[in-house]
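See below for the structure under consideration.
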Amino acid sequence: MNDSIATPDKAAPRYNFAAAEPRWQKAWDDRACFAVPDVPPADAAKYYVLEMFPYPSGKIHMGHVRNYTLGDVVARYKRARGHLVMHPMGWDAFGLPAENAARERGVHPAAWTYQNIANMRDELKRMGLSLEWAREFATCDPEYYGQQQKLLLDFFKAGLVERRESWVNWDPVDNTVLANEQVIDGRGWRSGAQVEKKKLSQWVLAITKYAPDLLEALGGLDRWPERVKLMQSNWIGRSEGARVRFALTAPVDGTADVEVFTTRPDTLFGMSFLAVAAEHPLATAAAARDAKAADFVAECRSMGTSEAVIEQAEKKGIDTGFRVKHPFTGEEFPVWIANFVLMEYGTGAIFGCPAHDQRDLEFARKYDLSVTPVVLPKDGDPATFAVGTEAFTEDGTAYNSGFLDGLDVASAKRAAIDALEKQGAGIGVVNWRLRDWGVSRQRYWGCPIPFIHCDDCGVVPVPDDQLPVRLPEDVDFSKPGNPLDHHPTWKHVGCPNCGKPARRETDTCDTFVDSSWYFARFCSPRADVPVIRDAVDGWLPVDQYIGGIEHAILHLLYSRFFTRAMSASGHLSLAEPFAGLFTQGMVQHESYKGADGRWLYPEEIDFSVTPEGARTATVKGGNEPVTIGRVEAMSKSKRNTVDPGAIIAKYGADTARWFILSDNPPERDMEWTESGVAGAYRFTQRVFRIVDDHRAGLPAPDAVCDPADPAGKALRRATHRAIKAVTEALETFAFNVAVARLYEFANAIEAAKEAPGAAMREALEILARLAAPMMPHLAEEAWHLLRPDAETLVAQLPWPDADPALLVAESVTLAIQVLGKLRATIEVPVGASEETIFAAAEAEENVQRAIAGKPIRKRIHVPGRVVNLVV
RNA sequence: GCCCGCCUGGCGGAAUGGUAGACGCAGCGGACUUAAAAUCCGCAGACCGCAAGGUCAUGCCGGUUCGAGUCCGGCGGCGGGCACCA
């Protein structure tokens, strides 16, 4: 890549973006083009565009540029279509990185965060986004998290907040709770100590109360991507099955039986063993009696809490020595502890039927447990059917199964549940994979959970008049653990109930809580209640939400839950926060390594092309060879990042926006390339030049083009086809197609040398207006050149309409196929009869050759498209 | 491991089941220029052929259809998520 190709300072550009962009940003500001009232007027067509707000890491990255450009195109387009568009921006400002910065560099999390916000706000402003900055807030503002505390207290009253024991990753050296990402290969990232699972009393939000509704309501989200709904549906994980109680042959610690959940009660006769999770009471009991079992339970604890790690670990187990009786046959089976049984799912215990479950089969083979098939495949022979290394999991006929014999799987399930219920050994149930939402974090930089612990009164909510519970500012990060817990005075308060000395809750909220209602707060960001009803009733739901696919499950599900919980506690009256959702792909870049294997930034490298056409690279200012690596997601660790600030300074915001939209469909991962940006920059200059070159001598804006002029008509056709094509592309989020249609339109304008001035003015003005959602500054500049006296900015103009009369074609090109293979194309007038078309098609020399004298058996004509002759 | 996606020229991609490769990037040839940059004009999937034209081609294998990049089944590769990163 030759870096000098389009370097602006060498290119003698005519369009000076560096001067123009701030000027138009100020013009939009001065006229308050993007401000909307807190309560939309009843007759307004409101449209709420929201992009997922950023974590203030310090600098915007290309993922932000992509996200906010996409949203801005929608916002500007919808505004032009006559909608009252709310388009706010804020900061997801609590979280671990601020605390890490405090520990590593001694900066206070608040100072670090607000400085980052200031930097990023400046960068975002330079992008020319049509945002209403007056609504800005950060989730770490006490005015925000104080209202969040109010919500939590209201949820508590509504029975949606509970205290419950749950497992965390515990670093025994640092004496601190670790996030999953802080556990690397089973060890704490700072101490290197083997991580343990530890049980803590935690705050939990009762999302499972809404599991059925969260699942069913997915069906109504018709502007959400199917795959996101599918992922959420699988996550919620409704499954029908049975709880089955197995009696222990002898009571263990006073317990007489153990309950399992199964989706396959029809395979009960194929049982081989029962397995419990390492955290199950039976496992604890076994560990107390047997050193080997205790070792195994300890080993499972050292795996941490991450489901991905647990599921990928080698499947292992140990026999507890306890035995259970089969509810139907009375036969005895061993109870094992298995590392793949999850305590959080079902009852933390399963029965193993190896013949019909792959994981059970592998476990049974490993430990030499019995494998009895009880479902016979359709064409299977009961005498010879056996299970080898593949479990049989499809439908079939029950056999070896007593009273279930002969039934298909679905009937056998029902019959088994009936029998279990009759003898009191079990019950048919619906089970959910979704777990309640643990929101407690033992950290400083988060929203304090507003409760007080009193020895006499128990857990007492902080009274409303004492909100917000503010974070103390004088905190000590020099020792590990939660600084709120260490703080000398903060947690010591009087009980609001009895006045005796009591302790504040020192846990803070999961940051997903902060982002679960910010979209509602934007409607009335300064209110002294969480939300103002008239404002949220008027603005919600968000009409178009845009963000990364990585949030497909958690953030979106939590927000859907929060919206329901806020409705249940009287703050809202809707269930679904996001009517439309668009998930964008990631931004990627090539990665580079020096001779010694160190990662290099793109700006450290010189590129050249060998005579054979291969790209090679060296380190700038030397000949050290550089290995060009894979294209992958931009990350600081691989140094394959490009700084948006530098790009905007070099090429301007419109170029960055244009390139990021043009490269590929927005839902896919895109590759950032220097040559692509350079091409986009050239186009901005070209648009300016086209307008600048033609503007002298144009007739007045109301001039009419002579309908008899063929060049004028051709250009006007191109103009109105462009309106139609760009509009359709914007409506369907096909922004790369919209860009391509604008390139074609620009090509058509330049080709229209003979077109009369009226048609040319129309074309140039439409070009500026169609490009405006994507290149808003250049559009204003072009509009200003064309209409120096105009009072109105492009940002205030309505979207142009295509004239249908100019869209109808006079003739069409038809593809002529013989047996589905293209043999010719013919041009026919619109409305030609089928007989004429078939005759013309068969008259083609090449078609005749392909037919080769054979009789035509069938003639297919798809009007305007294709003729297919079958011989 | 489980759930969900994606795969089309040298590259990014376009294509209501109907002419595969629009548009752009990179490349090549030409014009302009003392020269370069910028700009403009033109060429361009692979293979065979002087040409007309033909064959192959949308990750791989199979199916449905007059016709498949598009629909269905299987396989492979790459990516997202897996509940304390945001």
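With a cut-off of 3.5 Å on both pairing distances, the Watson-Crick or G-U wobble partner of B:C60 is B:G74. Base pairing of B:G49 is not made with any nucleotide, judged by Watson-Crick or G-U wobble geometry with both donor-acceptor distances under 3.5 Å. In this structure B:U16 sits in no base pair that meets the Watson-Crick or G-U test at under 3.5 Å. Nucleotide B:A44 is matched to nothing when pairs are restricted to Watson-Crick or G-U wobble geometry with both distances under 3.5 angstrom. The nucleotide B:U65 finds no pairing partner, because no Watson-Crick or G-U wobble arrangement with both distances shorter than 3.5 Å includes it. Pairing for B:C25 is with B:G10, a Watson-Crick or G-U wobble pair whose two hydrogen-bonding atom distances lie under 3.5 Å. B:G79 is paired with B:C4 under the criterion used here, namely a Watson-Crick or G-U wobble arrangement in which both key atom distances are under 3.5 Å.
One atom, CD of A:Glu744, and another, C1' of B:G13, lie 13 Å apart when rounded to the nearest Å. Between A:Trp224 atom CH2 and B:C4 atom C1' the separation is 15 Å, expressed in whole Å. The NZ atom of A:Lys858 sits 5 Å away from the P atom of B:C66 (whole-angstrom rounding). In this entry the distance linking CZ of A:Arg682 with P of B:C40 reads 10 Å, nearest Å. Rounded to an integer number of Å, the gap from A:Phe512 CZ to B:C82 P is 8 Å. A straight line from CD of A:Gln817 to C1' of B:U65 spans 12 Å, rounded to a whole angstrom. In this structure, CD of A:Glu667 is placed 14 Å from C1' of B:G12, rounded to the nearest angstrom. Rounded to whole angstrom, the span from the CH2 atom of A:Trp235 across to the C1' atom of B:A83 amounts to 4 Å.
By the neighbour-count criterion of 12 heavy atoms within 6.0 Å, atom NZ of A:Lys366 is densely surrounded, having more than that number from other residues, nucleotides or ligands. With a 6.0 Å radius and a threshold of 12 heavy atoms from other residues, nucleotides or ligands, A:Glu845 has its CD atom at or below the threshold. No more than 12 heavy atoms of other residues, nucleotides or ligands shown are found within 6.0 angstrom of NZ on A:Lys724.
Looking at heavy-atom distances under 4.0 Å, A:Ile816 makes no contact with the nucleic acid at all. Within 4.0 Å of A:His551, counting heavy atoms only, lies at least one base atom of the nucleic acid. Residue A:Arg668 is classed as a sugar-phosphate contact, given heavy-atom separations below 4.0 Å to backbone atoms only. As judged by a 4.0 angstrom heavy-atom cut-off over every strand, A:Arg433 is placed among the base-contacting residues. Using a 4.0 Å heavy-atom cutoff across all strands shown, A:Ala308 reaches at least one base atom of the nucleic acid. Note on A:Pro54: nothing from the nucleic acid sits closer than 4.0 angstrom, heavy atoms only. A:Leu230 comes within contact range of the sugar-phosphate backbone alone, with a heavy-atom separation under 4.0 Å but no base atom that close. Nucleic acid contact class of A:Ser306 (heavy atoms, under 4.0 Å, all strands): sugar-phosphate only. Backbone-only contact: A:Asn664 has heavy atoms under 4.0 Å from sugar-phosphate atoms and none from a base. Counting non-hydrogen atoms under 4.0 angstrom, A:Val870 reaches the backbone sugars and phosphates but no base. A:Val739 comes within 4.0 angstrom of no nucleic acid atom, judged by non-hydrogen atoms across all strands.
Atom C1' of B:A44 sits at a distance of 14 Å from the matching atom of B:C11, rounded to the whole Å. Rounded to a whole angstrom, the distance from the P atom of B:G79 to that of B:G42 is 42 Å. Using P as the reference atom, B:C28 and B:A37 are 12 Å apart when rounded to the nearest Å. Nucleotides B:A57 and B:G21, compared at atom P, are 16 Å apart to the nearest Å. Comparing the C1' positions of B:A51 and B:G59 gives a spacing of 36 Å, expressed to the nearest Å. For the P atoms, the distance linking B:C4 with B:G73 amounts to 13 Å, nearest Å. Rounded to the nearest Å, the gap between the C1' atom of B:A15 and that of B:G30 is 32 Å. If you take atom P in B:U58 and the same atom in B:C40, they sit 36 Å apart, rounded to whole Å.
For B:G9, the glycosidic angle deviates from 0 by 90° or less, giving a syn base.
No hydrogens or angles were tested; on distance alone, a donor-acceptor pair under 3.5 Å links the side chain of A:Gln442 to the base of B:C84. Evaluation of atom-type donor-acceptor distances gives no pair under 3.5 Å for the side chain of A:Asn234 against the base of B:C3.
Nearer to the 5' terminus of RNA chain B, by closest-nucleotide assignment, is the contact made by A:Arg227 (compared with the other of A:Arg227 and A:Gln202). Along RNA chain B, the nucleotide closest to A:Asp663 and the one closest to A:Val177 are compared, and the more 5′ of them pairs with A:Asp663.
Of all nucleotides listed (B:G53, B:C84, B:A22), B:G53 comes nearest to the side chain of A:Asn846. For A:Val866, taking side-chain heavy atoms from C-beta onward, the closest of the listed nucleotides B:A14, B:C2, B:G18 is B:G18. Of all nucleotides listed (B:A83, B:G1, B:C85), B:A83 comes nearest to the side chain of A:Leu554. Listed candidates were B:G54, B:C2, B:C85. Nearest to the side chain of A:Glu181 is B:C85. Taking every side-chain heavy atom of A:Arg823 into account, B:G54 is the closest of B:U16, B:A83, B:G54. Looking at the side chain of A:Ile860, the nearest of the listed nucleotides B:A26, B:C66, B:G80 is B:C66. The side chain of A:Tyr55 approaches B:A86 more closely than any other nucleotide in the set B:A86, B:C23, B:G54.
For A:Asn180 and B:C84, the shortest distance from a side-chain N or O to OP1 or OP2 is not below 4.0 Å. Between A:Thr511 and the phosphate of B:A86, there is a side-chain N or O to OP1/OP2 separation shorter than 4.0 Å. Distances shorter than 4.0 Å separate none of the side-chain N or O atoms of A:Arg435 from OP1 or OP2 on B:A83. Distances shown here put a side-chain N or O of A:Arg689 below 4.0 Å from the OP1 or OP2 atom of B:C40. Distances shorter than 4.0 Å separate some side-chain N or O of A:Lys821 from OP1 or OP2 on B:C56. In this structure, A:Asn736 does not reach the B:A22 phosphate: none of its side-chain N or O atoms is under 4.0 Å from OP1 or OP2. Contact annotation: A:Arg865 side-chain N/O to B:U16 OP1/OP2 distance is not under 4.0 Å.
In this structure, A:Phe17 and A:Tyr681 have perpendicular ring planes: the angle between them is above 60°, well past the 30° mark.
A donor-acceptor contact closer than 3.5 angstrom links the side chains of A:Arg190 and A:Asn100. Between A:Arg560 and A:Gln232, the side chains place a donor N or O and an acceptor N or O closer than 3.5 Å (distance only, hydrogens not considered). No side-chain donor from either of A:Asp485 and A:Gln442 sits under 3.5 Å from a side-chain acceptor of the other.
Proximity of a side-chain donor or acceptor of A:Asp436 to a complementary backbone N or O of A:Thr208 within less than 3.5 Å is detected.
Taking the six-membered ring for Trp and the full ring otherwise, A:Phe94 and A:Tyr145 have centroids separated by under 6.0 Å. Taking the six-membered ring for Trp and the full ring otherwise, A:Trp437 and A:Tyr558 have centroids separated by under 6.0 Å.
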